[in-house]
Structure formats: C-alpha cells, structure tokens
Amino acid sequence: MTQQKSNKAALYILMFNMFIAMGSIGIIIPVMPEYLKIFGAAGQVLGMLIATFALAQFVFSPIAGNLSDQYGRKNLIIFGLIVTGLAQIGFGLATDVWMLFLARFLGGLGSAFVAPPIMAFVADVTTYEERGKGMGMLGAAMSLGFMIGPGIGGFLAKVSLHFPFFTAGAAAILASILSYFLLPSTKPNTAQKIQKQDNLAKQMARSIHMPYFVMLIIMLVFSFGIANFQTTLSLFVTEKFNYTPVDIAIILVVGGAFGVVVQMFIITPLFNRFGEMKVVLVNLFIAAVAIFLILFVSGFALILVVATIFSTATTLIRPAVNTLISKLAEKEQGFAAGLNNAYMSLGNMIGPALAGLLFDWNMNSPYIFGSIILLACFFLALIWTLKKAPHLMHPDTK
C-alpha cells in the first residue's frame, strides 16, 4: 500500500512537471504579435521561434531518453526544469531578437530533458495493465499545458507583455524544487547501462526497425497538425474577426479544459473497451474534419465549439500513441520515450515554420493542408494496422 501511495504521489508530481514543460511551448503564442513589435519583428518570426524550440527538443530528446535509461530519471527532470525556467526568464528579459532565439533554444533543450524521462518514469511506476491510465493522466497534463499555455499567456499579458515569461520561469524553478524533495529516485536498468549510445542520426535510423515505428510517424504527423493549427489560430482569428488576446485565450482554455476532463475520466474506459489504436484512428479523422471546418464557421460560439472538438480529439490521440509505444518498447522505456519526443518535436518544428509561410501566402491554406496531412495519417495508420498489426484493433487483454 505504501509503495502504491508513493507511486501515485510521484505520478502527480510528474503531471505537474509535464504541464509546466508543455505550457512553455505555447505560452508565447497569444503574446507574440504584440511582443514582437517591441523588437520591430514581423509575424513570420513567431513560427521560427516555435520551430527553434522544437529543433532543440528534436536534437536533445533521444539523448535525454538514453541518459535516463543509464542514470535514472529524477536528476535529468530537475536539470531540465531549471534550464526551462531560466530560459523563460531570459526570454522576458531579452533586448534583441537573437536573444529571443537563444532563449527559445535553451527552453527546448530544457523541455527535452523533462518530457522523455517523465514518460519513462510513468512506465517505471505503473504496471502493464495500468500503463494506459498513467499515460492518460500524463497526457492530460501535457494537453493542459500545450493547449492552455497560450491561454495563460493571454491572460497574464494584461499585467505586462513580459509577465507571462517571468511567471512561467518561476513555475518551472518551483517544479524543480518540488521534484528534488518529492520525487523518488528510480534505479536505472543495468542492462541498458552497458549498451553503446548512438548519435542522433543513428538513433533515428534505428527507429525505422522498431516495432513502434508507425506510432512514431503518427506522433510526427499529428504533432505537425496541432502545431500548424495552434501557430496560426491567433493570427487567423485576429485578422479575420479582430479577436483580442483574451478572446484567443478563452478559446484555448475551454478546449484544453475539455481535453483534460476527457483524459482524466473517460480515456481509460475508452482504452479498455475499444483499444488504443481505435481511439487513435477515430480521433485522427475527427481532428482532420475539425481543422477543415474552422474555415467555414463564424461567430465566437461556433469557433469555440469547433476548436474544442479539435482540441479534444488531439488530446485523446497523444496518450493513446504514448501507451502503444510504451507497451511495445518493453525494457527500453527511456530510449522509446526519447524517440517519441524527438518525432513530436520534429512535427512541432516543421509545423510552425511551414504554417507561417502558408499563412503569408493564403490565410486559409494552413488549415486545408493540415486537414489533408491528418487524413493521410489516418489512412496510413489504418492500412498498417489492418495489414501488420490487426490485433491492435481490439482491446489489450494481456
């Protein structure tokens, strides 16, 4: 019983840490149109800043995952949170554009040392049967941070444009202190310690042969779709409907809140009844339709409904994919989590950069392209499952 309580407490701390890490990705979005004016920069810089953050995540996530298999999770998480916090504060103190890019790169590095060890930590403190529930709770925290981060930034910007970054930095440092005192130390797997560590290119090449490779591709494409939507949403509704940062914040907060509720209370019954793969397939299709519908709705209420549907669908996909990867990874939890985060970061990197270019060309094009990409991912996942892994179409009874 004592061990169960300890594991449950650890899970809550991990959820809080993931919320902080993911919130730092999105907190700049509603603030940046005004914040960039201080530096005389245009909106295109926004996409590049988000892509810079994701680039650092992409490069360092596999490294962090491997290190967590060798040396344990706790110290890496604390290090990542401290770097994340200092990067956010540095972003708020920046006086030149290059300083913004440096701060976001360091923020991505910090996030890379938080997310993979946390996902591996969840695997450490849950049984095989409880893995879906644990990943669902972690996914709820991730989605809350990723989707509500922009909302929090919009509200805090009413104090000052710099205040959201200082608040996020303080929260990350507080999370590192809590983790130091409250997180248990997990012993690394000794079998993993003796393995030779490959560089990033070799790890990405090795991922092609992993049994969960298609899951990594789904994470890449799905992350691309989310980043594509989230990066341009503030610009889209501002230009088309003259929405304020507070309006944008409300849309993102409501959508994120629905996603969290679903992940906390509904996702485990869904996994038990239908299996993770069916959850992935259904919600990929719903997300593709929702991102396309945003072009045809008007009025705050309808936009709020469509954005919430998209948000809820995407928040269901992430823990389902995480759970499938974790179950297929067996003893290489850190390595798999690192690859998972790397592919997610690759989508987060390409999505904003391409979305910014598409938006400058035609404000509707990011949503059309995003819908096509998500539909293509749906068919890829469906065909692969039917041909290579039909057992995933049924609940896991192991």
- Pairs flagged by ring pair (Phe, Tyr, Trp, His ring centres under 6.0 Å) wherever residues 347-367 is involved - sequence neighbours left out: Phe236-Tyr367
- Message: When you measure from the centre of the six-membered ring of Tyr180, is the NZ or CZ of Lys74 closer than 6.0 Å and no more than 45° off the axis?
- Response: yes
- Cut-off 3.5 Å, side chains only: do Asn17 and Ser179 have a donor facing an acceptor? yes
- Would you indicate whether the side-chain heavy atoms of Val261 and Phe265 approach each other to under 4.5 Å? yes
- Task: With Val321 as reference, evaluate Leu316, Val214, Ile218 under the side chain to side chain contact (heavy atoms under 4.5 Å, CB included) test and give the passing residue.
- Result: Ile218
- Identify the heavy atoms of Pro319 and Ile267 that sit nearest to each other, and give their distance. CG-CD1, 3.2 Å
- Item | ring-ring contact (aromatic ring centres under 6.0 Å, His included) partner of Phe91, the single match among Phe53, Phe101, Tyr35, Phe105 | Tyr35
- Are the side chains of Ile325 and Met210 in touch, meaning some heavy atoms are under 4.5 Å apart? no
- Residues that, via side-chain heavy atoms closer than 4.5 angstrom, fall in one hydrophobic cluster with Val282: Ile286, Val305, Ile309
- Message: Angle between ring planes, His162 versus Phe166, binned at 30° and 60°: parallel, tilted or perpendicular?
- Response: parallel
- Task: Quick one: closest heavy-atom pair of Leu76 and Pro117, and the distance?
- Result: CB-CG, 4.1 Å
- Would you check if Leu14 and Ile77 make a side-chain contact, meaning some heavy-atom pair closer than 4.5 Å? yes
- Task: Please indicate whether Lys240 has more than 12 foreign heavy atoms, meaning atoms of other residues, nucleotides or ligands, lying under 6.0 Å from its NZ.
- Result: yes
